[in-house]
Protein chains: 2
Amino acid sequence: MLTDEYRYKILKLVQEKPDISQRELAKALGISLGKTNFCLKALAQVGLLKVSNFRNSKNKLAYMYVLTPTGIEHKAAVTLNFLKLKLKEYEQLAGEIEELRSEINAKVND
Amino acid sequence: MLTDEYRYKILKLVQEKPDISQRELAKALGISLGKTNFCLKALAQVGLLKVSNFRNSKNKLAYMYVLTPTGIEHKAAVTLNFLKLKLKEYEQLAGEIEELRSEINAKVND
DNA sequence: AAACTGCGTTCACGCTTTGAACGCAGAGAG
DNA sequence: CTCTCTGCGTTCAAAGCGTGAACGCAGTTT
């Protein structure tokens, strides 16, 4: 399943290193190869990135995952979205931490 | 699967309200009844809580989930652990947010 | 008595993820 | 040139996990 989290992370990693392999990507994302493959295909299917074969300096067949213009746009949007989400998480965490702290302090009076 | 998160949350909710039902618990935890049942059993199996039937004021059979002494101890430990974990998450989030921010700012220069 | 309510329990189902295995293509060794 | 080796994307059977409808039970209400 392709969540916003992976949408963002994959677009980011691919933009940073277009010649990344699916196995590297999987490791960087902390997910399986199969899922990585699935996500990449999904992103390609909706036109956010393109898979292009090319010959590198040694005439070796290589793969590149390039963000399409739509992909770049989408990445900006999804990044902002992700930031908002993270900020919300952050605030919630701050609250939870405070709660945990007082809980631990309360324990002193048991 | 019984993660530390649910271990903590269940012990907390049960301690606060021992006569809570599995359905209430499920709703509070945001998980299904089946999973809740599974987690409770797992906690009982390792001796952190006990399920006790009793007759309430109206002679109605009722259930209570009571933390064992071990459970209370464990809860303190797991709470602390959870706090540490949350703090780590918090810091990581702060980092990610910063990263996202500069990424968005960098976009201005595209 | 019969219907209803709310409890814990079960488990078939569906969805997701995993990673071993595959075919392919270039690189390197003999 | 041929054989082996490596690393790529791709596949898919198997495993993992959560879900919630359905069940039996017991007390309550009609």
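Here is how names work: the chains are called A, B, and so on, in the same order as the sequence lines, proteins then strands, and each is numbered from 1.
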### Query
If you find the nucleotide of DNA chain C closest to A/Gly34 and the one closest to B/Asn37, which residue's nucleotide is nearer the 5' end?
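Between the two, 5'-proximity favours B/Asn37.
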### Query
Rounded to the nearest 0.5 Å, what separation is found between the CD atom of B/Glu99 and the CD1 atom of B/Ile97?
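One finds 11.0 Å between CD of B/Glu99 and CD1 of B/Ile97.
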### Task
Drop me the distance from A/Met1's CE to A/Lys35's NZ, to the nearest 0.5 angstrom.
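The distance works out to 9.0 Å.
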Tell me: [atom1] of [X] to [atom2] of [N], nearest whole Å?
X       : N      : atom1 : atom2 : result
B/Lys27 : C/dC7  : NZ    : P     : 11 Å
A/Leu25 : D/dC8  : CG    : P     : 12 Å
B/Leu2  : D/dG16 : CG    : C1'   : 16 Å
A/Tyr6  : C/dT16 : OH    : P     : 13 Å
B/Lys41 : C/dT9  : NZ    : C1'   : 6 Å
A/Leu29 : C/dT17 : CG    : C1'   : 14 Å
B/Glu24 : C/dC7  : CD    : P     : 7 Å
B/Ile20 : C/dG6  : CD1   : P     : 16 Å

Would you say [X] places a side-chain N or O within less than 4.0 Å of OP1 or OP2 belonging to [N]?
X       : N      : result
A/Gln22 : D/dT10 : yes
A/Lys35 : C/dC15 : no
B/Tyr63 : C/dG6  : no
A/Ser32 : C/dT18 : yes

### Task
Apply side chain to side chain contact (heavy atoms under 4.5 Å, CB included) to the pair A/Gln22 and A/Tyr65, showing each step before the final yes or no.
CA-CA 10 Å; A/Gln22 291 188 9; A/Tyr65 303 96; 3.2 Å; yes
#### Entry: Closest non-hydrogen atom pair between A/Ile31 and A/Tyr6, with its separation
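Heavy-atom minimum between the residues: CG2-OH, 3.3 Å.
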### Task
Taking only the side-chain heavy atoms of B/Leu33 (C-beta and beyond), determine which of D/dG20, C/dA21, D/dG18 contains the nearest atom.
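For the B/Leu33 side chain, the nearest candidate turns out to be D/dG20.
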### Message
Let's test your reading of the model: under 3.5 Å, does the base of C/dG6 pair with the side chain of B/Arg23 as donor and acceptor?
### Response
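Result: no qualifying N/O pair found.
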### Message
If the test is side chain to side chain contact (heavy atoms under 4.5 Å, CB included), which one of A/Lys9, A/Glu16, A/Gln15 qualifies with A/Lys12?
### Response
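When side chain to side chain contact (heavy atoms under 4.5 Å, CB included) is applied between A/Lys12 and each of A/Lys9, A/Glu16, A/Gln15, only A/Glu16 qualifies.
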### Message
Applying a 4.0 Å non-hydrogen cut-off, can you work out what A/Leu40 is touching in the nucleic acid: base, sugar-phosphate, or nothing?
### Response
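Result for A/Leu40 = nothing.
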